[in-house]
Structures are given as C-alpha cells and as structure tokens.
Amino acid sequence: MNVLLVEDEPRVADFIDRGLRAENHGVTVAPAGGEAIEVAKGGEFDVIVLDLMLPDMHGYDVCQRLRAEGNHTPILMLTAMDTLEDKIKGLKIGADDYLPKPFDFDELLARMEALVRRSHNFAPSSNKLQVADLVLDRDALEVTRAGETIKLTAKELAILELLMGAPGRVFSRTRILNQVWGYSEDPLTNVVDVYIARLRRKIDTEEKEPLLETVRGHGYRLKAVNDKPEAADTANSTAPKE
C-alpha cells in the first residue's frame with residue numbers, strides 16, 4: 001500500500017510510520033490538514049489515515065475538501081473522538097472507516113487492507129493457493145497435502161487461507177482474531193492458540209515437514225519454501241505474547 005498519514009502528534013505518527021514500513025508499505029506523513037490536501041493532489045495513494053484534531057483545520061473539513069475535489073481514496077479516520085455521533089458524522093461526510101484511539105496496530109493495518117481490497121475490487125489472481133505440497137482450492141473449499149484431502153472447519157480454513165496468502169509473514173494473534181473472527185480483542189483468551197493447534201495437527205502430520213510455525217513473542221506463520229527451520233519455534237505449547 002501507498003499510505004498518506006495525516007497526523008500532527010509526532011509519537012503517534014512515528015509509531016504508525018515505523019509499523020507500516022516494517023510491513024513494506026510506503027508512507028507519506030502530513031502533519032497538517034492543508035498540507036495533506038495538497039499532497040493528496042499530487043500523489044497516488046491507496047488509503048488515507050486521517051486524524052481529526054489537526055493544528056490548522058478539523059479532519060472533517062479535510063475529508064470534505066478531498067471529496068469535493070473528486071478524491072475518492074479510501075479514508076480511515078483515526079481519533080480520540082469516539083462517540084456514536086462522531087462516527088456517524090465522519091461516515092456521512094465521506095470517510096470509509098473510523099478507528100478510535102487508543103488502537104492496536106494490527107487492527108489498524110487490517111482495516112486499511114480491507115479498505116484497499118474493496119476500493120480495488122480485489123479478486124484473487126488464482127483460485128488456488130499452494131505452499132510446498134499444501135494446496136487450498138478456494139472454489140471447492142478443499143485442502144490437500146501431498147494429494148491427500150484434509151478436512152477443516154470453516155474457521156480453520158479461514159486461518160489457513162490467511163496464512164497461505166502470505167507465506168513467511170508473521171500474523172499476530174490480534175490480527176488473526178480481527179480478520180477471522182472480527183474481534184479486536186480475544187474474548188475467549190486463547191481461541192487462536194486452540195485453533196492453531198488443531199490446524200497444525202491436521203496439516204503437519206508426523207511423516208510430513210512442519211509448515212505451520214510459532215514465532216516466539218510475535219505470532220504465527222506458514223513457512224515459506226526457502227525458510228530455514230531454525231528461524232521459528234514450532235512447539236504447540238508456545239503462545240505469542242501481545
């Protein structure tokens with residue numbers, strides 16, 4: 001993603017900037033509303049993260065100006081103003097989503113990616129995902145490994161599809177919750193850990209090379225084909241720290 005971040009608080013801007021760049025996204029930071037409007041004219045952005053409390057003008061005004069000028073880039077409003085009235089007003093004037101502070105970075109990233117997928121009318125380039133000898137057929141909702149069919153529940157299938165979409169990428173428990181269950185916090189304490197353990201037992205049988213890995217202190221990933229086995233810990237008992 002190419003992101004325009006409109007945020008005047010240096011610590012918040014730096015936190016988001018570093019997090020997005022760590023995910024290999026491009027970031028342009030504008031600390032004021034007027035600057036953001038000008039920057040948005042000259043750049044092609046996939047999403048705009050817009051704080052409401054800016055030094056020169058309100059974020060609502062920035063949003064209205066952008067929409068009035070024909071800018072249809074998805075806008076995610078990020079603010080401490082979290083009443084229902086605030087959210088409704090922001091959505092009515094053209095925002096696409098609204099996330100109150102304080103927030104979890106994984107939820108912010110997941111919401112941004114969802115906005116970009118919708119705006120680009122995202123469709124998978126292939127109806128099949130494959131990592132090593134593990135294959136997921138999206139049309140048939142079928143998973144096989146080395147040609148053998150693996151029966152998965154709907155949630156297990158959703159987790160596997162998420163991990164197979166980005167082999168080698170680490171997904172935190174929070175992000176898996178948000179994208180598979182739609183939760184920003186875990187109401188059942190260890191639901192992700194339980195499902196990961198079930199999924200691992202089904203796809204990583206004793207005679208096959210382990211693919212589903214636990215990365216200590218960070219989360220889970222599906223090992224890319226060229227990953228070195230010592231890069232992660234695959235013990236079932238290890239749970240990522242938040």
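None of the values given here were measured: they were computed from a predicted structure.
- Counting only heavy atoms from C-beta outward, the side chains of L76 and L108 approach each other to under 4.5 Å.
- Using cut-offs of 30° and 60° for the angle between ring planes, the F105 and F15 rings count as perpendicular.
- A distance-only check finds a donor-acceptor pair linking the side chain of R67 to the backbone of N71 [under 3.5 Å].
- A continuous path of hydrophobic side-chain contacts links L136 to L162 [ILVMFWY only; heavy atoms under 4.5 Å].
- A continuous path of Ile, Leu, Val, Met, Phe, Trp and Tyr side chains, each step under 4.5 Å between heavy atoms, connects L141 with L163, placing both in one hydrophobic cluster.
- Between V29 and E7 the shortest side-chain heavy-atom distance does not fall below 4.5 Å.
- By the 4.5 Å heavy-atom criterion applied to side chains, L50 and L66 are not counted as neighbours.
- In terms of hydrophobic clustering, with Ile, Leu, Val, Met, Phe, Trp and Tyr side chains grouped at heavy-atom distances under 4.5 Å, V47 and V12 are assigned to a common cluster.
- Ion pairing between D204 and R145 holds under the 4.0 Å rule for side-chain N and carboxylate O.
- At a threshold of 4.5 Å between non-hydrogen side-chain atoms, the residues V143 and E156 do not count as touching.
- A salt bridge links D14 with R18; the closest basic N to acidic carboxylate O contact falls under 4.0 Å.
- Side-chain atoms of D137 come within 3.5 Å of backbone atoms of A140 as a donor-acceptor pair (strictly under, hydrogens ignored).
- No single ILVMFWY cluster, assembled from side-chain heavy atoms under 4.5 Å apart, contains both I203 and V135.
- Grouping the Ile, Leu, Val, Met, Phe, Trp and Tyr side chains by contacts below 4.5 angstrom, directly or via other members, places Y60 apart from L91.
- Between K89 and E85 there is no salt bridge, since no side-chain nitrogen of the basic residue lies less than 4.0 Å from a carboxylate oxygen of the acidic one.
- Side chain of D96 to main chain of I75: a donor-acceptor pair is present (N/O by atom type, distance under 3.5 Å, no hydrogens or angles).
- Of the N and O atoms on the side chains of T153 and R198, not one donor lies less than 3.5 Å from an acceptor on the other residue.
- Here the side chains of H58 and L52 are in contact, with some heavy-atom distance below 4.5 Å.
- Residue M53 qualifies as open at atom CE: its count of foreign heavy atoms under 6.0 Å is 12 or below.
- Put simply, the side chain of D51 does not reach to within 4.5 Å of the side chain of V6, judged on heavy atoms.
- Contact of the L134 side chain with the K208 side chain is not registered, since no non-hydrogen atoms from C-beta on lie closer than 4.5 Å.
- Put simply, the side chain of R175 never gets that close to the backbone of D106: no donor and acceptor are under 3.5 Å apart.
- With a 4.5 Å cut-off on side-chain heavy atoms, M112 and I16 do not count as touching.
- Judged purely by atom type and a 3.5 angstrom limit, D8 has no side-chain atom pairing as donor or acceptor with the backbone of L54.
- Under a 3.5 Å cut-off, the side chain of N127 and the backbone N or O of D139 do not form any donor-acceptor pair.
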